[in-house]
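Contents: one structure, followed by commentary.
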Number of protein chains: 2
Amino acid sequence: MTTIKEVAKRAGASVTAVSLSLNHREAGHVKPEIARKIRRTAQEMGYKPSPLASSLRTSRTRTIGFVSEEIATTPYAGEIVLGAQDAASELGYMMLLVNTDGKANEDEEIAALRRYGVDGYMYAKMYNRVTVRPSCLDGVPTVIVNASDVTGATPSIAPDEVAIGSDATNRLIEAGCKRIAYVGCSENLRAESLREQGYEKALKGAGMSFDPRLRIAVGNNGPALEAVAHLFRSAHPDGFFCFNDARTWYVYACAARLDLRIGEDVSVVGVDNHRVVAQTLAPKLTTMALPHYEMGYWGTRRLVHEIEGRDLSVPSSLGMQDQWRASIPPLDGPNERLIHCRLIERESVREG
Amino acid sequence: MTTIKEVAKRAGASVTAVSLSLNHREAGHVKPEIARKIRRTAQEMGYKPSPLASSLRTSRTRTIGFVSEEIATTPYAGEIVLGAQDAASELGYMMLLVNTDGKANEDEEIAALRRYGVDGYMYAKMYNRVTVRPSCLDGVPTVIVNASDVTGATPSIAPDEVAIGSDATNRLIEAGCKRIAYVGCSENLRAESLREQGYEKALKGAGMSFDPRLRIAVGNNGPALEAVAHLFRSAHPDGFFCFNDARTWYVYACAARLDLRIGEDVSVVGVDNHRVVAQTLAPKLTTMALPHYEMGYWGTRRLVHEIEGRDLSVPSSLGMQDQWRASIPPLDGPNERLIHCRLIERESVREG
DNA sequence: TTGTAAGCGTTATCAT
DNA sequence: ATGATAACGCTTACAA
């Protein structure tokens, strides 16, 4: 590792001049010509500053602590990490990852991160909910990911669940479905009620009546399959909005038994936590992928904004939301992701 | 943050004494009594050493660099990270995560990690293959995860694919299946051929004849479904070993159309990359989960062994392989993971 | 405009 | 057995 001292010697300048020049804070201190020379030789020598040493002085490390609960429980939640990692890398940050199982070691892990001098925290939840920011994060730049702050004081980023519900339903309406079912989840999840809200909203918006028999909430395995089979028999839906891939699968299984073809006899739009459905099921499926990657990506940019004050609201390379939303194909097109990603600002936590 | 100097002052000792005592290197230097007092006051003051400062001096950071390609491509590969994270946490290490998309930025990211002073690298691949360790890792403690080194010189850890194949097949044999099919993958993957090897081995071992019609390799979507349907019609299998969850799903879909019940009319054992199958499909399915978590966990312990020389071959809290293998339930039991996890040592890279 | 030196929190060397 | 002190690589206040 070549040091700043070596560069100084080689360039015939002082370490001060080198430090200033390489940090572009030379104005009024170092002759431009010398600054140029310094930068050139630094380049030649392949000099890279040691973040450890500089952080000892500045107490800034250009590292971000990513705090997550059980990354594994929702497979594609790993995408949050991916997106965060990508953004961090673009912005010259490093990601320190810790995992907490529930609540026990959370404060401990956060403290460990602090010892390593992280500049800020990504506090990620693995399913969308209202959460309370741990007090040990008070006063430290923090972004809550895939959840929202109970106080609304902390920047947070989460999927737009209502929009997911109404977009999915609208897609089915556009496809000509007349009897659209919602196959929900019997657990009391935030996403569940919000998506159902979106579903009803879309139905109302299209002037369609809301038949309660078309709306079911199911559990898992055998009973779920049975409930969906009953839905088919009793309410004869021609379109299905499914809460997640498990529910999507139940619809598929029942359709197969009834010899109904997806995309022909019935239409299905399902939210896909796992992308497995999109990978394995028929090409006629329209899935809505949760914006895990985007949350990680945007969340990290937001965090760096908190840390540095840099404006990072416009993404550099990735065109997100609007671009992808604009490219929603017709229902019978290829598999497709509908993306929703909304940054909830400090001032207004709108749950809409 | 309380510093070593403050502790020294409070304990009425020198920083040297404090440093030595807290690192338990006091023998012959600090009076035991004083050392005790130092440790006590350090505790009281909630002193924790700054890893940044100490690493500046020692060039050891107690951090591990986790280098992965696209964590997202295989959902549960995120479990590798989880396992690695758990082990690191247990051993007092921090994990720095970087992601590389293919080959382009790999060296760059590795160099960035080096600048942050990582003590070693986890070099993880997202599907099992033979790989070549990037030259920029030469001379640095490294463990290859979910792949094996082409030279055999680097410690690596990967699933025991052949054992997976034969265990799955044996399970079907034990369940009384007479015509066991292998639904493989048409892509030329290492896992594919190794698992098939295991399949054939198990059949031979049971003195069962090998009917080539029972062995198919399928792609995705419609054609795959068609191929599996043809397998049902032409070869009448009563047991299926499926390469992954996609293939498992095709078997399920065809069985549903033929009104065959899994676990009654036919038996299925599938390798599950995603755990989704186990979550959503019928309770009669036996899945074999790839040992992602375990690879991360063991790999990290191996890496710390490389770094410190500590013997870490025996896990502290988790009982892995043998314990879980012993608890394989009968085929018609609850969903179950068969775990295989083999640490390939430097000396002998056995592909068996 | 330039360079010297103090300091960040440790660990390690070396007199005492 | 003890405690100054140099060193790690960098930033920055201050003196020249």
Side-chain angles (χ1 to χ4, degrees), chain A residues 1-39 41-42 45-63 92 94 111-112 114-119, chain B residues 1-39 41-42 45-63 92 94 112 114-119 308:
Chain A
M1 290 288 97
T2 109
T3 77
I4 201 174
K5 205 183 268 178
E6 295 170 324
V7 176
K9 181 180 288 179
R10 184 89 105 80
S14 71
V15 286
T16 310
V18 175
S19 176
L20 290 173
S21 304
L22 294 182
N23 293 325
H24 295 278
R25 312 175 65 247
E26 13 142 340
H29 289 286
V30 181
K31 233 187 291 189
E33 184 190 321
I34 302 207
R36 255 198 310 278
K37 178 170 186 184
I38 288 174
R39 278 193 278 268
T41 60
M45 300 176 72
Y47 170 79
K48 298 274 184 179
S50 150
L52 279 76
S54 73
S55 70
L56 191 56
R57 192 68 234 266
T58 60
S59 63
R60 293 253 342 267
T61 50
R62 298 190 76 80
T63 56
M94 210 69 204
R114 167 158 309 174
R115 256 173 269 130
Y116 278 90
V118 295
D119 297 335
Chain B
M1 292 288 94
T2 108
T3 76
I4 201 173
K5 206 184 269 178
E6 296 169 323
V7 176
K9 182 179 290 176
R10 184 89 105 81
S14 70
V15 286
T16 310
V18 175
S19 177
L20 288 174
S21 304
L22 295 181
N23 292 323
H24 296 277
R25 311 174 64 246
E26 12 141 340
H29 291 285
V30 180
K31 235 187 287 184
E33 183 191 321
I34 302 208
R36 256 198 310 279
K37 177 171 190 185
I38 288 174
R39 278 193 280 267
T41 60
M45 301 177 72
Y47 168 79
K48 298 274 184 180
S50 151
L52 280 77
S54 75
S55 70
L56 190 58
R57 193 66 236 263
T58 60
S59 63
R60 292 253 343 264
T61 51
R62 297 192 76 81
T63 57
M94 210 69 204
R114 168 159 308 176
R115 255 173 270 130
Y116 278 89
V118 296
D119 296 336
E308 301 186 357

Applying side chain to side chain donor-acceptor pair (under 3.5 Å), name anything that partners S21(A), two or more places apart in sequence or on another chain.
none

Out of dT12(D), dC8(D), dG3(D), whichever nucleotide has its closest atom nearest the side chain of R57(A)
dT12(D)

Do N23(B) and S19(B) have side chains that approach each other closer than 4.5 Å (heavy atoms only, starting at C-beta)?
yes

Helix axis bend for the helix from dT1(C)-dA16(D) to dT16(C)-dA1(D) - C1'-based end axes, five pairs, 10° rounding
60°

Show me the pairs that pass salt bridge (Lys or Arg N to Asp or Glu O under 4.0 Å) and involve residues 11-31 of chain A, at least two apart or across chains.
E26(A)-R39(A)

Polar atom pairs between nucleotides 13-16 of chain D and protein, under 3.5 Å, N or O only, would you list them?
none

Distance, rounded to the nearest Å, where K9(B) contributes NZ and dT2(D) contributes P
20 Å

Salt bridge (Lys or Arg N to Asp or Glu O under 4.0 Å) involving R57(B) - partner list, sequence neighbours excluded:
none

In whole angstroms, how far is the P atom of dA7(D) from the CG atom of L52(B)?
22 Å

Go through the structure and list residues passing side chain to side chain contact (heavy atoms under 4.5 Å, CB included) with P49(B), not counting sequence neighbours.
Y47(B)

Tell me: CG of L56(A) to C1' of dC8(D), nearest whole Å?
9 Å

Nearest-nucleotide 5' precedence on DNA chain C, T3(B) against I34(A):
I34(A)

Length of the CD-C1' vector between E6(A) and dC8(D), whole Å:
13 Å

When rounded to the nearest 0.5 angstrom, what distance separates NE2 in H29(A) from CG in L20(A)?
6.5 Å

Going by heavy atoms closer than 4.0 Å, what residues in residues 17-25 of chain A are next to DNA chain D?
S19(A), N23(A), R25(A)

Hey, where on DNA chain C does chain A first and last touch, going 5' to 3'? Cut-off is any atom under 4.0 Å from a heavy atom.
dT1(C) to dG9(C)

Which heavy-atom pair separates A35(A) from V30(A) by the least distance, and what is that distance?
N-CG1, 3.8 Å

Identify, with sequence neighbours excluded, every residue that meets salt bridge (Lys or Arg N to Asp or Glu O under 4.0 Å) alongside R10(A).
none

Whole-Å gap separating C1' (dC8(D)) and CZ (R60(B)):
16 Å

Contacts of R60(B) that satisfy salt bridge (Lys or Arg N to Asp or Glu O under 4.0 Å) - sequence neighbours left out:
D119(B)

In whole angstroms, the gap separating C1' of dA7(D) from NZ of K5(A) amounts to 9 Å

Mark yes when over 12 heavy atoms from residues, nucleotides or ligands other than M45(A) sit less than 6.0 Å from its CE; otherwise mark no.
yes

Residues at least two apart in sequence or cross-chain that pass side chain to side chain contact (heavy atoms under 4.5 Å, CB included) with S50(B), listed by chain then number, are L52(B), A53(B)

Across the strands shown, which category fits S14(B) at heavy-atom distances under 4.0 angstrom: base, sugar-phosphate, nothing?
base

Side chain of K31(B) - closest among dG9(D), dT11(D), dA1(D):
dA1(D)

Of P49(A) and P32(B), the one whose nearest nucleotide on DNA chain D sits closer to the 5' end is P32(B)

Rounded distance [0.5 Å steps], OG in S14(B) versus CD1 in I38(B)
7.0 Å

4.5 Å side-chain heavy-atom contact, E6(B) and M1(B):
no

Residue set satisfying side chain to side chain donor-acceptor pair (under 3.5 Å) with S55(A), at least two apart, ordered chain then number -> none

